[in-house]
**Q** 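Dropping the structure in here first, questions after.
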Amino acid sequence: MSATPAPTTLTVTGLTLTYPDGDDRVTALDRVDLTVRGGEIAAITGPSGSGKSSLLATVSTLVRPDSGRIMLETGGSSVDLARTSRREATSLRRERIGIVFQQPNLIPALTAVEQLEVMRRLGGHTILAPRLRRRIRSQAMDLLESVGLSGHENKRPAQLSGGQRQRVNIARALMHEPDLLVVDEPTSALDQERGAAIIDLILGVVHEHHAATLLVTHDRAHLHRMNAVHHMVDGRLTVGASTEIAA
Ligand code: ADP
Ligand code: MG
């Protein structure tokens with residue numbers, strides 16, 4: 001599967017988010033600035049409760065910020081993800097944004113290949129022409145192969161290991177070839193070795209699919225392979241040095 005490199009850029013400026021807290025408000029994001037280009041991974045590290053998940057939820061349109069801009073630019077078109085309507089946000093998440101959470105929320109009744117296929121049916125196409133159905137099946141099979149799951153396509157979540165489920169989760173997020181990929185602590189439920197394999201996999205798919213990627217991780221061993229490493233404390237993001245990815 002090949003994707004044409006699209007000149008995608010995500011530019012976050014002055015992003016602020018507060019949550020209600022009794023009579024007061026708690027600041028989860030405090031004037032965050034961040035830029036990520038297509039094919040690059042920005043790692044986000046920081047203590048628990050510092051705002052990392054809030055940043056991903058906001059950037060992926062699941063949570064609306066108080067203020068700030070989240071510009072997603074791809075080949076001439078530009079959208080502020082902080083200001084979309086609900087309907088627009090839903091279609092952006094179906095078409096342009098890939099989301100991978102800590103725990104893969106797979107559907108128990110579906111096989112691995114069906115978990116991916118269902119992504120292409122969201123939005124109303126209940127009956128698909130056989131030719132389209134075959135194309136979706138073959139795309140799903142290719143993606144499962146690319147995440148190392150050949151031979152497991154027809155297994156349901158209960159028949160897969162934690163690492164395998166996380167691979168399905170990642171492949172599913174790539175089903176619509178997102179311009180923007182957000183990944184929240186994908187290795188937290190895995191042992192060191194399986195975690196390392198998942199990070200390797202993410203590095204590979206980001207380079208192949210050219211998504212601008214935000215990755216929250218505690219896996220310090222891999223930080224030198226990211227394009228940038230940012231540290232979050234109390235909702236404030238400090239920009240780490242940009243480094244070239246080691247070949
Ligand atoms: P992290 O992912 O770094 O652990 P979070 O983004 O989950 O941090 O949380 C940042 C802050 O926002 C914390 O103080 C947390 O308690 C608060 N918070 C997160 N989600 C909510 C919510 N839905 N409602 C209220 N407060 C929240
Ligand atoms: Mg979190």
Side-chain angles (χ1 to χ4, degrees), residues 1 3 36 39-46 48 52-57 59-60 62 93-94 97-120 122 136 139-227 229 245:
M1 184 167 311
V36 193
E40 290 186 353
I41 306 184
I44 316 285
T45 62
S48 174
K52 304 180 301 295
S53 294
S54 296
L55 175 62
L56 298 197
V59 164
S60 59
L62 294 168
R93 288 196 304 276
R94 277 180 197 147
I97 304 172
I99 304 176
V100 179
F101 290 126
Q102 214 160 339
Q103 297 294 339
N105 291 311
L106 301 177
I107 301 162
L110 298 185
T111 66
V113 70
E114 289 166 350
Q115 311 276 348
L116 272 61
E117 288 173 331
V118 82
M119 295 298 287
R120 297 290 300 272
L122 300 171
I136 291 172
Q139 188 196 357
M141 296 296 272
D142 286 352
L143 269 175
L144 287 175
E145 185 185 353
S146 77
V147 300
L149 286 179
S150 290
H152 299 282
E153 297 89 349
N154 298 317
K155 293 189 179 167
R156 294 191 168 73
Q159 299 169 287
L160 297 167
S161 70
Q164 288 169 337
R165 284 198 286 268
Q166 193 54 288
R167 286 167 190 272
V168 174
N169 195 21
I170 291 164
R172 182 175 60 173
L174 296 170
M175 203 48 199
H176 50 251
E177 302 192 4
D179 298 319
L180 173 63
L181 183 64
V182 303
V183 189
D184 200 353
E185 304 199 49
T187 61
S188 62
L190 304 176
D191 62 40
Q192 192 93 32
E193 197 180 324
R194 281 171 223 276
I198 290 291
I199 296 286
D200 283 342
L201 170 65
I202 291 168
L203 284 159
V205 297
V206 168
H207 294 152
E208 189 184 342
H209 296 266
H210 306 288
T213 301
L214 281 179
L215 171 70
V216 172
T217 182
H218 291 295
D219 229 324
R220 303 207 67 85
H222 295 278
L223 292 182
H224 69 282
R225 300 172 69 193
M226 309 295 168
N227 295 87
V229 179
I245 289 193

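These numbers come from the heavy atoms of this one structure, side chains and all, not from hydrogens, waters or symmetry mates.
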**Q** Just how far is it from atom OG1 of Thr217 to atom CG of Leu223, taken to the nearest 0.5 Å?
**A**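 Those atoms lie 6.5 Å apart.
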
**Q** With rounding to the nearest 0.5 Å, note down the distance linking CD1 in Ile198 to CD in Gln164.
**A**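 Reported to 0.5 Å precision, the distance equals 9.5 Å.
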
**Q** Only pairs under 3.5 Å count here: list side-chain donor-acceptor contacts from residues 99-109, not counting sequence neighbours, and write none if there are none.
**A**
unit_1: Gln102; atom_1: NE2; unit_2: Ser188; atom_2: OG; d: 3.2

**Q** Does the side chain of Val206 reach to within under 4.5 Å of the side chain of Leu181, using non-hydrogen atoms?
**A** yes

**Q** Can His218 and Glu185 be counted as having a side-chain donor-acceptor contact under 3.5 angstrom?
**A**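 Looking only at side-chain atoms, Glu185 and His218 do form a donor-acceptor pair, the distance falling under 3.5 Å.
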
**Q** So do the side chains of Leu143 and Leu149 get within less than 4.5 Å of each other, counting heavy atoms only?
**A** no

**Q** Can you tell if the side chain of Asp219 reaches within under 4.5 Å of the side chain of Gln192, non-hydrogen atoms only?
**A** yes

**Q** Ignoring hydrogens, what is the shortest heavy-atom contact between Val36 and Glu40? Give both atom names and the distance.
**A**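 Closest approach of Val36 to Glu40, heavy atoms only: CG1-O, 3.6 Å.
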
**Q** Between Ile44, Val59, Leu62, Thr213, which is the residue that forms a side chain to side chain contact (heavy atoms under 4.5 Å, CB included) with Val182?
**A** Val59

**Q** Look up atom CD in Gln139 and atom CG in Leu174, then write down how far apart they are to the nearest 0.5 Å.
**A** 9.5 Å

**Q** Kindly say whether Val147 contributes a backbone atom to a donor-acceptor pair with the side chain of Arg167 at under 3.5 angstrom?
**A** yes

**Q** Does some side-chain heavy atom of Met226 sit less than 4.5 Å from a side-chain heavy atom of Ile202?
**A**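 In short, these two side chains do not touch, never coming nearer than 4.5 Å.
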
**Q** Quick check: closest heavy atoms across Leu110 and Gln115, and the distance to 0.1 Å?
**A**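 Closest approach of Leu110 to Gln115, heavy atoms only: O-NE2, 2.8 Å.
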
**Q** Is there side-chain contact between Leu160 and His152, with heavy atoms separated by less than 4.5 Å?
**A**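 Yes - at least one pair of side-chain heavy atoms lies under 4.5 Å apart.
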
**Q** Taking it one step at a time, do Ile41 and Arg225 satisfy side-chain contact (heavy atoms from CB on, under 4.5 Å)?
**A** CA-CA 9 Å; Ile41 306 184; Arg225 300 172 69 193; over 6 Å; no

**Q** Once you round to the nearest 0.5 Å, how far does CD of Glu117 lie from CE of Met141?
**A**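 These two atoms lie 9.0 Å from each other.
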
**Q** Please check if the side chain of Gln166 supplies one atom and the backbone of Gly163 the other of a donor-acceptor pair under 3.5 Å.
**A**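 Between the backbone of Gly163 and the side chain of Gln166 there is no qualifying donor-acceptor contact (under 3.5 Å).
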
**Q** So Glu145 and Glu153, side-chain contact (heavy atoms from CB on, under 4.5 Å) or not? Walk me through it.
**A** CA-CA 9 Å; Glu145 185 185 353; Glu153 297 89 349; 5.9 Å; no

**Q** Dump the intermediate steps for side-chain contact (heavy atoms from CB on, under 4.5 Å) on Asn169 and Arg172, then the final yes or no.
**A** CA-CA 5 Å; Asn169 195 21; Arg172 182 175 60 173; 3.0 Å; yes

**Q** Can you tell if the side chain of Ile97 reaches within under 4.5 Å of the side chain of Ser60, non-hydrogen atoms only?
**A**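 The answer is yes; the side chains approach within 4.5 Å.
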
**Q** Would you check if the side chain of Arg120 reaches a backbone N or O of Ile136 as a donor-acceptor pair within less than 3.5 Å?
**A**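 No.
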
**Q** List the steps and the verdict of side-chain contact (heavy atoms from CB on, under 4.5 Å) for Thr111 and Lys155.
**A** CA-CA 5 Å; Thr111 66; Lys155 293 189 179 167; over 6 Å; no

**Q** Got Met119 and His176 here, is their nearest side-chain heavy-atom distance under 4.5 Å?
**A**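 SC-SC contact between Met119 and His176 confirmed.
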
**Q** Return yes if some donor-acceptor pair links the side-chain N/O of Asp179 with the main-chain N/O of Ala211 below 3.5 Å, else return no.
**A** no

**Q** Compare all side-chain heavy atoms of Val183 with those of Leu214 and state whether any distance is below 4.5 angstrom.
**A**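 They are not in side-chain contact.
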
**Q** Under 3.5 Å, is there a donor-acceptor pair between the side chain of His210 and the main chain of Gly39?
**A** no

